[in-house]
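Heads up: the structure comes next, in structure tokens.
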Amino acid sequence: MSTENTLADRYGRPATPRGPIRRNLGVIITSAVIIIAVMAWGISTDAMGFGPKAEARDLGYNSLTDTSVTVEFELTATPGHEVACAIQAQNTSFAIVGWKVFVYPPSEQRIRDISETIITSQPATTGLVYRCWLT
């Protein structure tokens with residue numbers, strides 16, 4: 001009696017060796033589950049950034065008075081989504097002296113030029129868009 005037959009009789013394993021696919025079946029299944037889970041997470045969280053979004057690009061500012069500043073910017077947003085933008089004014093020390101959130105209704109235009117005036121507590125030396133987001 002050979003050693004292979006003795007082991008097969010003792011442990012109930014087949015005497016013939018398993019194929020490479022059957023031997024690695026656990027690794028294949030585990031890898032497939034991990035890949036599917038990562039893909040599901042990426043789609044649900046929009047990790048690649050393919051979903052709707054809003055961005056702003058500052059075009060300039062005008063100091064109207066000692067108590068207000070007008071900020072001009074270009075808003076790029078996915079059509080059909082309401083957008084909010086926080087606009088701020090800063091003084092010479094880069095302290096925020098004015099801040100306001102503006103909400104823009106959904107539009108079919110992807111890119112819009114916008115001009116907004118905010119009230120300041122001190123004379124402002126700059127005005128800019130802090131951030132825009134979908135609401």
Side-chain angles (χ1 to χ4, degrees):
M1 182 181 253
S2 73
T3 307
E4 286 183 22
N5 288 337
T6 305
L7 290 174
D9 291 339
R10 182 181 296 165
Y11 298 111
R13 295 183 299 186
T16 58
R18 295 180 181 171
I21 292 178
R22 183 158 178 183
R23 190 176 328 130
N24 296 325
L25 189 59
V27 173
I28 292 169
I29 291 173
T30 303
S31 298
V33 168
I34 290 172
I35 289 170
I36 291 170
V38 168
M39 287 175 59
W41 171 81
I43 291 169
S44 68
T45 61
D46 192 29
M48 299 300 288
F50 295 122
K53 57 182 147 189
E55 298 175 350
R57 183 173 65 100
D58 292 312
L59 298 177
Y61 66 93
N62 294 315
S63 225
L64 296 178
T65 66
D66 287 345
T67 58
S68 69
V69 65
T70 299
V71 179
E72 297 170 2
F73 61 98
E74 180 181 86
L75 175 62
T76 304
T78 306
H81 291 275
E82 186 177 68
V83 179
C85 292
I87 301 173
Q88 64 183 6
Q90 297 176 350
N91 65 10
T92 56
S93 303
F94 301 105
I96 297 172
V97 295
W99 176 276
K100 187 168 182 182
V101 175
F102 294 92
V103 178
Y104 304 103
S107 173
E108 292 306 313
Q109 291 180 311
R110 184 167 188 75
I111 300 173
R112 296 181 266 178
D113 287 337
I114 297 176
S115 178
E116 297 290 359
T117 301
I118 59 174
I119 304 300
T120 60
S121 60
Q122 299 174 9
T125 57
T126 187
L128 49 98
V129 177
Y130 174 72
R131 195 182 113 187
C132 290
W133 62 92
L134 299 175
T135 57

- Roughly how far, to the nearest 0.5 Å, is CD of Glu82 from OG of Ser107? 12.0 Å
- Note on the structure: Rounding to 0.5 Å, atoms CG (Leu59) and OG (Ser115) come to a distance of 9.5 Å
- Are the side chain of Asp113 and the backbone N or O of Glu72 linked by a donor-acceptor pair below 3.5 Å? no
- Item | Taking every non-hydrogen atom, the tightest pair across Leu134 and Lys53 | CD1-N, 3.7 Å
- Message: Under a 3.5 Å cutoff, is there a donor and acceptor pairing between the side chains of Tyr104 and Glu116?
- Response: yes
- Item | Hphob cluster co-occupancy, Val129 + Val97, side-chain heavy atoms under 4.5 angstrom | no
- Task: Answer yes if Val71 and Trp133 sit in the same cluster of Ile, Leu, Val, Met, Phe, Trp and Tyr residues linked by side chain heavy atoms under 4.5 Å apart, and no otherwise.
- Result: no
- Message: Check whether Thr76 reaches the backbone of Arg110 with its side chain - one donor and one acceptor, N or O, closer than 3.5 Å.
- Response: no
- Item | Verdict with reasoning, Phe73 to Ile87, per side-chain contact (heavy atoms from CB on, under 4.5 Å) | CA-CA 10 Å; Phe73 61 98; Ile87 301 173; 3.5 Å; yes
- What's the shortest heavy-atom distance between Ile96 and Gln88, and which atoms? CD1-OE1, 3.1 Å
- Item | Cys132 side, atom SG; Ile114 side, atom CD1 - distance, nearest 0.5 Å | 7.5 Å
- Item | Trp99-Leu128 co-clustered via ILVMFWY side chain contacts under 4.5 Å | no
- Item | Arg57 atom CZ: more than 12 heavy-atom contacts under 6.0 Å | no
- When rounded to the nearest 0.5 angstrom, what is the spacing between OH in Tyr130 and CD in Gln90? 11.0 Å
- Task: Dump the intermediate steps for side-chain contact (heavy atoms from CB on, under 4.5 Å) on Glu74 and Ile111, then the final yes or no.
- Result: CA-CA 7 Å; Glu74 180 181 86; Ile111 300 173; 3.5 Å; yes
- Query: Which is it for Ile119 and Lys100 under the side-chain contact (heavy atoms from CB on, under 4.5 Å) test, yes or no, and what are the steps along the way?
  - Reply: CA-CA 8 Å; Ile119 304 300; Lys100 187 168 182 182; over 6 Å; no
- Sidechain-backbone polar pair: Thr70 side chain, Tyr61 backbone, donor-acceptor under 3.5 Å: no
- Task: Please answer whether the main-chain N or O of Thr120 pairs with a side-chain N or O of Thr67 as donor and acceptor at a distance below 3.5 Å.
- Result: no
- All heavy atoms of Cys85 vs all of Leu75, minimum pair found to be SG-CD1, 3.9 Å
- Message: I need the minimum non-hydrogen distance between Ala84 and Val101, along with the two atoms involved.
- Response: CB-CG1, 4.2 Å
- What is the distance from atom OG1 of Thr30 to atom CG of Leu25, rounded to the nearest 0.5 Å? 9.0 Å
